[in-house]
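Just so it is clear, the model here is predicted, and its values are computed rather than measured.
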Amino acid sequence: MRRKRATQSHRRFAAAAATVALATLTLTGIATEPAPAHVRITTDINFADDVRPILRRYCMPCHNPKGSAPDYIDLTTYGNDAKPGARAWAVAIEEELLTGSMPPWTADARYDHFRNSRRMSQQEIDIVVAWVQGGGPQGPRRNLPPPPEFTREEWVLGVPDLVIEPTAETVVASGQHAALGRERLAVELEEDTWVTGYEFRPQHPGVVYRMAAWVHEPEDAPPELLEVEVQVPYDPFRDEDEPEPTRMRTGRPGPHFLGQWLRGDDPVLLPDGAGKRLRRGSTIELVVEYRRRPNDDSRTEIRDRSGLGLFLAQTEDEVELWVEGQQAGGQLTLKGRRAARPQTASLTITERARLIGLHPHVGDLIATMEVQIHFPDGRTQTVLYVPEYDPEFPASYLFEEAVHAPPGTRVELIGSFDVGKAKNPIVQPFALHVDYELDDHLVLPEIFVPRNEPQSRGGMLAAGLGGTDLPVGGEGGATPGFALNPADPNAAAHMDHNPLHGGQFFMAANNYHHLEGALPQPGEFRLYVYDDFKQPVDPRNFGGDVVFEAWNEETESWDETRYPMAPLIGSQYLVSEIPEELPSEFFAHVWLAGEQQRYDFYFEETTVEPPAGASRGGGVIRAGPHSHERPPMTIPEDRNAIMALMANKRDRVRTQIENGEWLTLYVPAFDARDLAEVLLDRLVGLSARQRGQVRQAIGRVMQSAAELDRSGDLADRARAQRAFERFDSGVRELEDLLGP
């Protein structure tokens, strides 16, 4: 049954291909049979508005002119008489969906909790089937062009930071059905870094079957030691002054599995804040397996040079979760009676971790596959089950939510093989690569961001807000015996107490740290921390509370209300949500160098960040994090006008990503977020189901707007593009539900 599945699928498409070819010959006058009559349209579901978005997500990644599916099955267009498209394949598409043959995803639905799942929802299947059975209408022509990602020779996630390509082509000769390319390639790096995502780029997807990459440590280099914070159980009696325990953690011996690509796979971005280590001097082993499809013309020679793109952390503090992996199994020799029994391979996690991905590599003869997790407390959980493995469509499995794995957790791969009556030993790959992130977070270094230009070297500024220029040396009010080195570009910076973000500035009691409190908008307090040369310090090394005091007449004492401060990922400040009141008077308790210190703030109005490059006291202000202030926007009353303005903001987000306008990416994103939120009050005339769909789309727009803001702070094009896809899908769904 299992082996017939792929064959029957190919036969159905082959039969449909013959029908399409016959229709084309008829229309061109070569055949003598009359052309079939037009199909009657009985549905308002059309290709452009309803079906195309579904095919774009599930089908077009393979079924495009340059995809891994046969090139004559192009579903990126509706099609016409000269070039068949999705309409010509409509009946075959319906049958594939109803039989479950397409999209190719054979994981059991009971355990399908993977973010890269290709399983269509029942609602999506119903839409496509209704379109086919209703005559397959075309819809508005404006939505018919093929999506740009299938027509341009570009990386899906944008240009990678590092491109790895073989030095020579691999040749799949005429008459040759399979081949293997393998090469270790040097990596040009100036310093150690982290891989935050990867994109395999097969040159000939129809012939490339699998790509995989391993990282090999620099030769003769000792294992790397990195400091991590030990995650300890919460103890209410623990002394708050006690520092967090840390340990030195040694990296696992290599080679390290980086990732793999299989037909239909998308590029992979690791979870936010997570990365795989890539040391300077490492090499990457790239393995490419080639297989011709069953119906391919094997007489043609294929010359291939498939590559790999890596997305790297842009700053030292971008990665706080160390992602590693282990492999269970390897190769398996099947012989005798044992060949018919289930085979197993396992690995054990020795420290607190969270499983984020499963990457099986198994042979063609495997019939069923299962992955179980055995926890130290005796529980067993199945996280993957493939009842009918199809070697034409292998897959990796990326967890939608990481699976917590305490020390001693065992991950087991179980497989049954279909070896028939073979008498000779059969060798099959039988391996499982497991990616996991450590629970113990990396201890991040303090980040020193270089200035574009040095500060003035001629003098220093007196302590206090808006200080006064003083001459160098002990005269004119300067501290006796204190002299600055005129050759030191940071000499003036130490005593520069002018706020960089328009806030209120303090020197800490330790005479080293400097703090600036800002109120960019009511209800949002930010605390920036600098070193003694006024360079930003990673805010994750600090913490504290904002405290509001109120006099209690009954107790004749001051009541305190505390609002915690926490670092915002990708920013250079601590942030606290406080009451939206002005004037606002409060103090901040800040932990600095193991001591809690108090700083009093009073704001009569919100603070305004000076423009980048504005001169202050002879210095140059470095362009820093944005303040989230936006030009005023008038929100229309009419729902259609709101949607038109939201579409304009969406187009602006796309343009800014293309142009790399990162620091202001939040402006159109948050404008669209505000417009979407307003729509919650304008749902009159919609059914309960439609109102639910609108709320879901609004939630998607609002969440992805925040993701766009974070990716803009990091200047991370790959994550910005991924966030924009969610953002754009939310706006488009609102257009479909609320448009004219």
Chemist: Please determine if Asp108 and Arg119 form a salt bridge, counting it only when a charged side-chain N lies under 4.0 Å from a carboxylate O.
Modeler: no
Chemist: Looking at Glu707 and Arg719, is there a salt bridge between them, counting it only when a charged N and a carboxylate O are closer than 4.0 Å?
Modeler: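 Salt bridge absent between Arg719 and Glu707.
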Chemist: With side chain to side chain contact (heavy atoms under 4.5 Å, CB included) as the test, pick out the partner of Gln343 among Ile366, Val362, Leu334.
Modeler: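 Of the listed residues Ile366, Val362, Leu334, the side chain to side chain contact (heavy atoms under 4.5 Å, CB included) partner of Gln343 is Leu334.
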Chemist: Take Tyr111 and Leu384, measure what side-chain contact (heavy atoms from CB on, under 4.5 Å) needs, and give me the verdict at the end.
Modeler: CA-CA 6 Å; Tyr111 314 105; Leu384 172 66; 5.7 Å; no
Chemist: Under a plain distance cut-off of 3.5 Å, with no hydrogens placed, do Ser117 and Asp112 share a side-chain donor-acceptor pair?
Modeler: yes
Chemist: Please output the side-chain donor-acceptor pairs of residues 160-172 that fall under 3.5 Å, not counting sequence neighbours, one pair per line with the distance.
Modeler:
{"unit_1": "Asp161", "atom_1": "OD2", "unit_2": "Leu312", "atom_2": "N", "d": "2.8"}
{"unit_1": "Asp161", "atom_1": "OD2", "unit_2": "Gln314", "atom_2": "NE2", "d": "3.4"}
{"unit_1": "Thr167", "atom_1": "OG1", "unit_2": "Glu183", "atom_2": "OE1", "d": "3.4"}
{"unit_1": "Thr167", "atom_1": "OG1", "unit_2": "Glu183", "atom_2": "OE2", "d": "2.6"}
{"unit_1": "Glu169", "atom_1": "OE1", "unit_2": "Arg303", "atom_2": "NE", "d": "2.9"}

Chemist: Looking at Asp304 and Arg292, is there a salt bridge between them, counting it only when a charged N and a carboxylate O are closer than 4.0 Å?
Modeler: no
Chemist: So Glu392 and Arg293, salt bridge (charged side-chain N to carboxylate O under 4.0 Å, His left out) or not? Walk me through it.
Modeler: CA-CA 9 Å; Glu392 284 295 312; Arg293 291 176 300 236; over 6 Å; no
Chemist: Applying side-chain hydrogen bond (donor to acceptor under 3.5 Å, both in side chains), name anything that partners Arg291, two or more places apart in sequence or on another chain.
Modeler: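 Only Asp364 meet the side-chain hydrogen bond (donor to acceptor under 3.5 Å, both in side chains) criterion with Arg291.
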Chemist: Report the C-alpha distance between Phe399 and Val383 in whole Å, list the side-chain angles of each, state the deciding distance to 0.1 Å, and finish with yes or no for side-chain contact (heavy atoms from CB on, under 4.5 Å).
Modeler: CA-CA 9 Å; Phe399 288 110; Val383 292; 4.0 Å; yes
Chemist: Using modelled atom types only, decide if a donor and an acceptor are shared between the side chain of Asn116 and the backbone of Leu398 within a distance under 3.5 Å.
Modeler: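 Yes: the side chain of Asn116 pairs with the backbone of Leu398.
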Chemist: Can a salt bridge be assigned to the pair Asp440 and Arg249 using a cut-off of 4.0 Å between side-chain N and carboxylate O?
Modeler: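 No, no charged N to carboxylate O under 4.0 Å.
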Chemist: Within this structure, what is the NZ-CD distance for the pair Lys276 and Glu437, rounded to the nearest 0.5 Å?
Modeler: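 Reported to 0.5 Å precision, the distance equals 11.5 Å.
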Chemist: Just wondering, more than 12 heavy atoms not from Arg252 lying within 6.0 Å of its CZ?
Modeler: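 Result for CZ/Arg252: enclosed.
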Chemist: From Phe200 CZ over to Leu310 CG, what is the distance, rounded to the nearest 0.5 angstrom?
Modeler: 8.5 Å
Chemist: Do the charged groups of Asp192 and Arg277 touch, with an N to O distance under 4.0 Å?
Modeler: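 The answer is yes: the pair qualifies as a salt bridge.
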Chemist: Please walk me through it: do Gln327 and Leu347 pass side-chain contact (heavy atoms from CB on, under 4.5 Å)?
Modeler: CA-CA 7 Å; Gln327 176 177 318; Leu347 58 88; 5.7 Å; no
Chemist: Does the Gln203 side chain pair with the main chain of Arg305, one donor and one acceptor, at a distance under 3.5 Å?
Modeler: yes
Chemist: Atom CD of Glu188 and atom CZ of Arg280: how far apart are they, to the nearest 0.5 Å?
Modeler: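 It is 9.5 Å, given to the nearest 0.5 Å.
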Chemist: Among Phe393, Tyr397, Tyr58, which residue meets the ring pair (Phe, Tyr, Trp, His ring centres under 6.0 Å) test with Trp105?
Modeler: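 Exactly one candidate clears the test, Tyr397.
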Chemist: Distance check, rounded to the nearest 0.5 Å: Glu217 atom CD versus Ser282 atom OG?
Modeler: 5.5 Å
Chemist: In Å and rounded to the nearest 0.5 Å, what is the CG to OH distance from Leu262 to Tyr209?
Modeler: 7.0 Å
Chemist: Apply side-chain contact (heavy atoms from CB on, under 4.5 Å) to His359 and Asp435, showing your working.
Modeler: CA-CA 8 Å; His359 305 272; Asp435 278 344; 3.2 Å; yes
Chemist: I need the Ile356 CD1 to Glu401 CD distance, nearest 0.5 Å.
Modeler: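 Nearest 0.5 Å value for the CD1-CD distance: 14.0 Å.
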Chemist: Without swapping roles, check the side chain of Asp265 against the backbone of Trp261 for a donor-acceptor pair under 3.5 Å.
Modeler: no
Chemist: Hydrogens and angles aside, do Glu227 and Thr246 bring a side-chain donor and acceptor to less than 3.5 Å of each other?
Modeler: yes
